Engineer: 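Have a look at this one.
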Amino acid sequence: VRADPFAPPDALSELREDQALRRLRYPDGHLGWLVTNHALGWSVLTDSRFSTRASRCPVSDPEKVAALAERGDDPVMSGFLLTMDPPEHTALRRMQTGRFTIQHVSQKQATIERVAESCLDAVEAMGPPVDLIATYAAPLTSLVLCELLGVPSDDRRHFERLTAIRSDPGATADEDQAACEDYRNYVRGVIEAKRADPGDDVLSDIVAREELTDDELAGVALQLFGAGHDTTATQLAMSVFVLLANRREWERLSSDFSMMGSAIEELLRYLTIVPLAPVTRRAREDVVIQDVLIREDECITVSLGTANRDPEKFERPDELDLTRDSSGHLALGQGRHMCLGQHLARLEMAIGLKALMMRFPTLDLAVAPHDVQMRDEAAIIFGPEVLPVTWS
Ligand code: HEM
């Protein structure tokens, strides 16, 4: 459990100081490795001798994995970039990158601004106090995703339900299965609709190429819906939370939006909302790191949170400093699997924070910071469950 909701658990940070590469017993009982500092984290993520294939299972709840395996349901979905290696990964990623470049994403600026303002209209109409996640962070990022993927805004309930269950470590295999089934049916409908009536969006692009099976297409869509909204919503909510808990930083940023670029990188570094679970690789051959032998087939997990607070890489790492140079942080990964949606996430953050600060300059937490209820430590994305705010 974290003493400070914005910092990695102390026990993990202590490992970094003591021995940054050490054995890790995964929940299914098998023995692998854990990396807690920046230099080793970076080198594992950029080393092609490590594979992401079949690497997600060992860190999940072993009972859940066993229940899914008994049903013959492969927990690794096809079409999922994060579980693929080259050359399949390269080909599938290339099909999508054009829609996620800075140039392409900046064309969406006006759309994102419009969505942000309309969410804020609703927040204002509701009056304080509100849960900023349910009323702003979640709808903003989901509605932008709907626009980007060319699906009606009501469709957000389909992917929100699935990602909520996926990010809840307490969810059972049955709940997971039911949400997956509902989602697969939904996505099949989306793919059919794109086939019949293609739009100007990444899913239509891929459907039109006729290179992927329907299962692979469903996987691509699942990954974009799944990776695209809870991440950005949580990053936005956590950013507002930490800025309100450090009021001076909130005032500093709202009086000078020219520091937004560095502020966003620093908020990504400082908060690192993807702490551990998905960032696991498997050695494709024997690999020696710092005189330590990682044997073929062994798994290695990178703790992004402690890597981003490594004093060897960042001066005064535990201090939030919106004007520092945080480049090289690992909050969006590194190497070939580095976040596909990173430019979109940054733009949504910049627009989302600025619109909020301009509309509600007096925004404040409606509860004490330590009373903000956080997600379970084992959640794939770490952040507040709800963020009660108020204004005058
Ligand atoms: C602040 C928000 C976000 C954070 C913190 C984040 C974080 C990450 C991280 C850490 C990875 C790499 C994981 C690994 O190497 O194991 C990743 C990959 C990925 N992200 Fe994001 N992400 C965010 C937003 C988005 C958005 C908006 C989208 C799409 C709309 C997206 C799509 C993806 C995809 C498709 C991958 C897999 C890339 C690959 O395997 O080649 N993410 N993200």
Side-chain angles (χ1 to χ4, degrees), residues 35 41-42 44-47 50-53 55-56 59 76-77 79-86 88-97 99-101 104-105 108 112 137-138 140-151 159 163 167 201-203 206 219-239 264-282 299-305 307-308 329-353 380-383:
V35 163
W42 181 289
V44 168
L45 294 178
T46 52
D47 188 331
F50 292 108
S51 160
T52 56
R53 189 162 286 154
S55 63
R56 294 169 76 81
V59 276
V76 177
M77 291 191 61
F80 232 76
L81 285 175
L82 260 185
T83 60
M84 295 167 84
D85 285 338
E88 294 81 12
H89 173 267
T90 323
L92 185 59
R93 184 149 170 146
R94 217 171 262 155
M95 288 183 209
Q96 304 174 57
T97 39
R99 294 272 177 185
F100 289 97
T101 58
H104 194 85
V105 160
K108 302 286 170 198
I112 304 173
L140 169 62
T141 51
S142 288
L143 291 170
V144 167
L145 208 57
C146 289
E147 290 263 358
L148 203 84
L149 301 183
V151 299
F159 56 84
T163 40
S167 61
D201 59 80
V202 61
L203 290 179
I206 299 178
V220 169
L222 171 62
Q223 182 160 51
L224 291 177
F225 281 124
H229 80 95
D230 188 38
T231 44
T232 323
T234 304
Q235 179 67 33
L236 183 56
M238 273 292 254
S239 301
I264 283 170
E265 293 315 307
E266 172 68 348
L267 289 163
L268 283 165
R269 177 196 76 83
Y270 190 79
L271 299 167
T272 314
I273 59 160
V274 182
L276 263 181
V279 199
T280 295
R281 304 293 190 253
R282 189 185 290 274
C299 285
I300 184 159
T301 292
V302 180
S303 159
L304 300 183
N308 280 340
H329 69 72
L330 298 178
L332 297 160
Q334 194 46 246
R336 73 165 71 97
H337 293 281
M338 191 172 182
C339 183
L340 176 70
Q342 56 180 290
H343 304 304
L344 176 65
R346 290 189 176 102
L347 188 62
E348 286 186 80
M349 288 277 297
I351 293 172
L353 276 178
I380 290 175
I381 312 286
F382 186 73

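From a predicted model like this one, the values you see are computed outputs, not experimental measurements. As the structure lists them, so they are numbered: ligands from 1, and atoms in each ligand from 1.
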Engineer: Number the atoms of ligand 1 from 1 as they appear, then name those within less than 4.0 Å of a heavy atom of H89, with their elements.
Structural biologist: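 Counting atoms of ligand 1 from 1, those under 4.0 Å from H89 are 39 (C), 40 (O), 41 (O).
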Engineer: N/O of T280 under 3.5 Å from N/O of ligand 1, yes or no?
Structural biologist: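 So ligand 1 has no N or O lying under 3.5 Å from an N or O of T280.
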Engineer: Pick whichever of A331, G333, G335 has a heavy atom sitting closest to atom 7 (C) of ligand 1.
Structural biologist: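 Residue with the shortest heavy-atom distance to the ligand atom: A331.
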Engineer: With only distance considered, is R281 within less than 3.5 Å of ligand 1 through an N or O on each side?
Structural biologist: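 So ligand 1 has an N or O lying under 3.5 Å from an N or O of R281.
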Engineer: Could you state the interatomic distance from CD1 (I273) to CD1 (I380), rounded to the nearest 0.5 Å?
Structural biologist: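 With rounding to 0.5 Å, CD1 (I273) is 12.0 Å from CD1 (I380).
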Engineer: Does the side chain to side chain contact (heavy atoms under 4.5 Å, CB included) test come out yes or no for D201 and L148, once each step is laid out?
Structural biologist: CA-CA 6 Å; D201 59 80; L148 203 84; over 6 Å; no
Engineer: Find all atoms of ligand 1 within a distance of less than 4.0 Å from any non-hydrogen atom belonging to G341, and give their numbers and elements.
Structural biologist: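 That gives atoms 26 (C), 27 (C), 28 (C), 29 (C), 31 (C), 32 (C) of ligand 1.
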Engineer: Applying a strict 4.0 Å limit to heavy atoms, is M84 in contact with ligand 1?
Structural biologist: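 No; M84 lies far enough from ligand 1 that no heavy-atom distance drops under 4.0 Å.
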Engineer: Yes or no: does F100 have any heavy atom under 4.0 Å from an atom of ligand 1?
Structural biologist: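 Yes, that is the case, since the closest heavy atom of the residue is under 4.0 Å from the ligand.
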Engineer: For atom 25 (C) of ligand 1, which candidate among A227, A345, G226 holds the nearest heavy atom?
Structural biologist: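 Going through A227, A345, G226 one by one, A227 has the nearest heavy atom to atom 25 (C) of ligand 1.
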Engineer: Looking at every heavy atom in both F382 and T234, which two are closest together, and how far apart are they?
Structural biologist: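 Nearest heavy atoms, F382 then T234: O-CG2, 3.5 Å.
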Engineer: What about the rings of H104 and H343, do their centers lie closer together than 6.0 Å?
Structural biologist: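 They do not qualify: ring centres at least 6.0 Å apart.
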Engineer: If you measure from CD on Q235 to OG1 on T272, what distance do you get to the nearest 0.5 Å?
Structural biologist: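 So the gap between those two atoms works out to 8.0 Å.
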Engineer: Look up atom CD in E348 and atom CG in L353, then write down how far apart they are to the nearest 0.5 Å.
Structural biologist: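 Output value for this atom pair is 11.5 Å.
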Engineer: Heavy-atom contacts with R93 under 4.0 Å: which atoms of ligand 1 show up? List them by number with element.
Structural biologist: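 Those qualifying, in numeric order: 38 (C), 39 (C), 41 (O).
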Engineer: Does some non-hydrogen atom of R336 fall short of 4.0 Å from ligand 1?
Structural biologist: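 Yes, R336 has a heavy atom closer than 4.0 Å to ligand 1.
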Engineer: Can an N or O of Q235 be found at a distance shorter than 3.5 Å from an N or O of ligand 1?
Structural biologist: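 In fact, backbone or side chain, Q235 has no N or O that close.
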Engineer: Could you measure the distance from the OG1 atom of T83 to the NE2 atom of H337? Nearest 0.5 Å is fine.
Structural biologist: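 It is 8.5 Å, given to the nearest 0.5 Å.
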Engineer: Parallel, tilted or perpendicular, judged at 30° and 60°: which one describes the rings of F225 and F159?
Structural biologist: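 Answer is parallel, since the angle falls under 30°.
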Engineer: In Å, rounded to the nearest 0.5 Å, how long is the span from CD1 of I351 to CG of L236?
Structural biologist: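 Answer rounded to 0.5 Å: 11.0 Å.
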Engineer: If you measure every N/O of H337 against every N/O of ligand 1, is any gap under 3.5 Å?
Structural biologist: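 It does: an N or O of H337 is found under 3.5 Å from an N or O of ligand 1.
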Engineer: Quick test of your reading of the structure: of S239, G228, C339, whose heavy atom lies closest to atom 22 (N) of ligand 1?
Structural biologist: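 Considering heavy atoms of S239, G228, C339, the nearest to atom 22 (N) of ligand 1 sits in C339.
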Engineer: Under a 4.0 angstrom heavy-atom cut-off, which atoms of ligand 1 come close to T232?
Structural biologist: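 This gives 2 (C), 24 (C), 27 (C) as the contact atoms.
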